Amino acid sequence: MTPTVSVVIVPGNQRHRATRSLASVLDQDGIERAEVVLLDAANDGSPPLPRSDEVPVRLFPRPQRGTYGELRSEGTRLARAPIVAFIEEHALALPGWLLAIEESLASGEFCGASGEVHPLNPGSGISDAVGLMNYARWLPPLTERGPSTLVVGHNSAYRRDDLLAFGDDLERLLSCEVVLQWQLGARGRRFLINPEIRLAHLNETTLASICKGYYLWNVSFGAEWAHQDRWSIARRVAQAVGIPWWVIRRTVDVARTAPAPQHRRTLRRHLPVVIVSQLSAALGLAVGALRGDRGEARRFSNYELDQDRGPATAFTT
């Protein structure tokens, strides 16, 4: 039987996180109709994950990682279902997640879908500020279902054919998903926000950690954005010169999309953290625009899969 949804998970060396993530998917209602494509990128000699031998799981060891985009594009090509759902190894699928994805994308009207993102470690260090910067428009409570121009990066579901239509470009686009979503929008495809697609995400807890992650990711973002839009030399230089403007713009964007009073209070409390973090992002964007990726995408893969984010403090029972 052809599965309805292929869930792609890429575990790294943080095995307790990946164990928790895999279990959250395998315990979903509707898992009997789905499959889990597990590209296990542990490169420290770790044994296979618990429950990786269960029926829905197709296990593919990948100790030679490459980039995060390469791993995820490989998962897309290995998938057998018409819907590919990505979930990070440091995220949990909450009850109803799989059924909501299946229902949201089954008709083909929308090319991608995501929903509500909860913090998995609220109140830990700067995790609340990180959650706000990453997920302001998707933080609870989401009350309305409807079309959107963007969905959650790294933790959304897509129609597989829409992804495969990018051919060899898919590897680069899945390394900087915002550009992928822009390209899908330019092709006339639409996204759906469904509050029932609920997950919990383990955020970074230190300023050094989030600055490193933002810098590495934005190098790939800047390189791919400049490539896809065919930036001139002058446009690339302007991006570098305009770093202060970019920091202000991103900080304002976070403030505009903060959906509730408690989130605006978080922004005020952590404003210095937000500004420094967005400076790191702007520097990465400028570097990527000026000289391309040059290995940062591989370093981001190691960061994403191995960086310690501390313990989960929510949804642990």
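Keep in mind the model is a prediction, meaning the values are calculated, not measured. One is the number of the first residue; the rest follow in order along the sequence.
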Can you find a pair of side-chain heavy atoms, one from Pro11 and one from Leu38, that are under 4.5 Å apart? yes
Under 4.5 Å between any side-chain heavy atoms of Leu285 and Gln239, yes or no? yes
Would you call the rings of Phe300 and Tyr68 parallel, tilted or perpendicular, where under 30° means parallel and over 60° means perpendicular? perpendicular
Assigning hydrophobic clusters by single linkage (Ile, Leu, Val, Met, Phe, Trp, Tyr; side-chain heavy-atom cutoff under 4.5 Å), is Ile248 placed with Ile275? no
Between CG of Asn13 and CD of Gln307, what distance do you get to the nearest 0.5 Å? 12.5 Å
Quick check for you: to the nearest 0.5 Å, what is the distance between Glu103 atom CD and Ile197 atom CD1? 8.5 Å
Checking salt bridge (Lys or Arg N to Asp or Glu O under 4.0 Å) against Arg65, which of Asp306, Asp40, Asp44 comes through? Asp306
Side chain to side chain, Arg145 and Leu192, heavy atoms closer than 4.5 Å: yes
Donor-acceptor pair, distance only, cut-off 3.5 Å: does the side chain of Thr2 make one with the backbone of Arg80? no
Heavy atoms only: give me the nearest Val152-Gln181 pair and the separation to one decimal. O-NE2, 4.3 Å
Is it true that atom CG of Asp168 has more than 12 heavy atoms of other residues, nucleotides or ligands lying nearer than 6.0 Å? no
Asp128-Thr266 side chain donor-acceptor pair, cut-off 3.5 Å: no
So, for Ala42 and Gly12, which heavy atoms are closest and what is the spacing to 0.1 Å? CB-O, 3.7 Å
Compare all side-chain heavy atoms of Val178 with those of Trp225 and state whether any distance is below 4.5 angstrom. no
Taking the cut-offs as 6.0 angstrom to the six-membered ring centre and 45 degrees off its axis, would you call Arg187 and Phe166 a cation-pi pair? yes
Could you check whether Tyr303 and Glu296, counting side-chain N and O atoms only, form a donor-acceptor pair closer than 3.5 Å? no
As a test of understanding, state which of Leu207, Thr205, Ile210 forms a side chain to side chain contact (heavy atoms under 4.5 Å, CB included) with Val130. Ile210
Non-hydrogen atoms of Ser277 and Tyr214 that approach each other most closely: O-CD2, 3.5 Å
Please report the shortest heavy-atom distance between Pro195 and Leu142, naming the atom on each side. CB-O, 3.6 Å
At their closest point, which heavy atom of Leu26 faces which heavy atom of Glu54, and how far apart are they? CD1-OE1, 3.8 Å
Give the intermediate values and the outcome of side-chain contact (heavy atoms from CB on, under 4.5 Å) for residues Arg51 and Val25. CA-CA 11 Å; Arg51 303 186 66 180; Val25 172; over 6 Å; no
Glu177 side chain to Tyr158 side chain, donor-acceptor N/O pair below 3.5 angstrom: yes
Heavy-atom count around Asp253 CG within 6.0 Å, excluding the residue itself: above 12? yes
Are Thr149 and Phe191 side-chain neighbours, meaning at least one heavy-atom pair lies under 4.5 Å? no
If two hydrophobic side chains count as joined below 4.5 Å and joins carry through other members, does Leu174 share a cluster with Val179? yes
Same cluster for Phe60 and Val84 if Ile/Leu/Val/Met/Phe/Trp/Tyr side chains link at under 4.5 Å? yes
When rounded to the nearest 0.5 angstrom, what is the spacing between CD in Glu89 and CD1 in Ile9? 9.5 Å
From His118, His263, His154, His201, residue fulfilling ring-ring contact (aromatic ring centres under 6.0 Å, His included) relative to Tyr135: His201
Let me see the working for Thr76 and Leu170 under side-chain contact (heavy atoms from CB on, under 4.5 Å), right down to the final yes or no. CA-CA 9 Å; Thr76 302; Leu170 184 61; 4.2 Å; yes
Sub-3.5 Å donor-acceptor pair from the side chain of Ser280 to the main-chain atoms of Tyr215, do we have one? no
Side chains of Gln14 and His90: does their closest heavy-atom pair fall under 4.5 Å? no
Salt bridge (charged side-chain N to carboxylate O under 4.0 Å, His left out) evaluation trace for Glu74 with Arg62: CA-CA 10 Å; Glu74 182 181 3; Arg62 291 292 182 268; 2.4 Å; yes
Nearest heavy-atom contact between Glu171 and Glu70 is OE1-CG, 3.6 Å
Ring-plane angle category for Phe221 and Trp246, please: parallel below 30°, perpendicular beyond 60°, tilted otherwise. tilted
Do Arg20 and Leu202 come within less than 4.5 Å of each other through their side chains, counting heavy atoms only? yes
Do His270 and Met133 have side-chain heavy atoms sitting under 4.5 Å apart? no
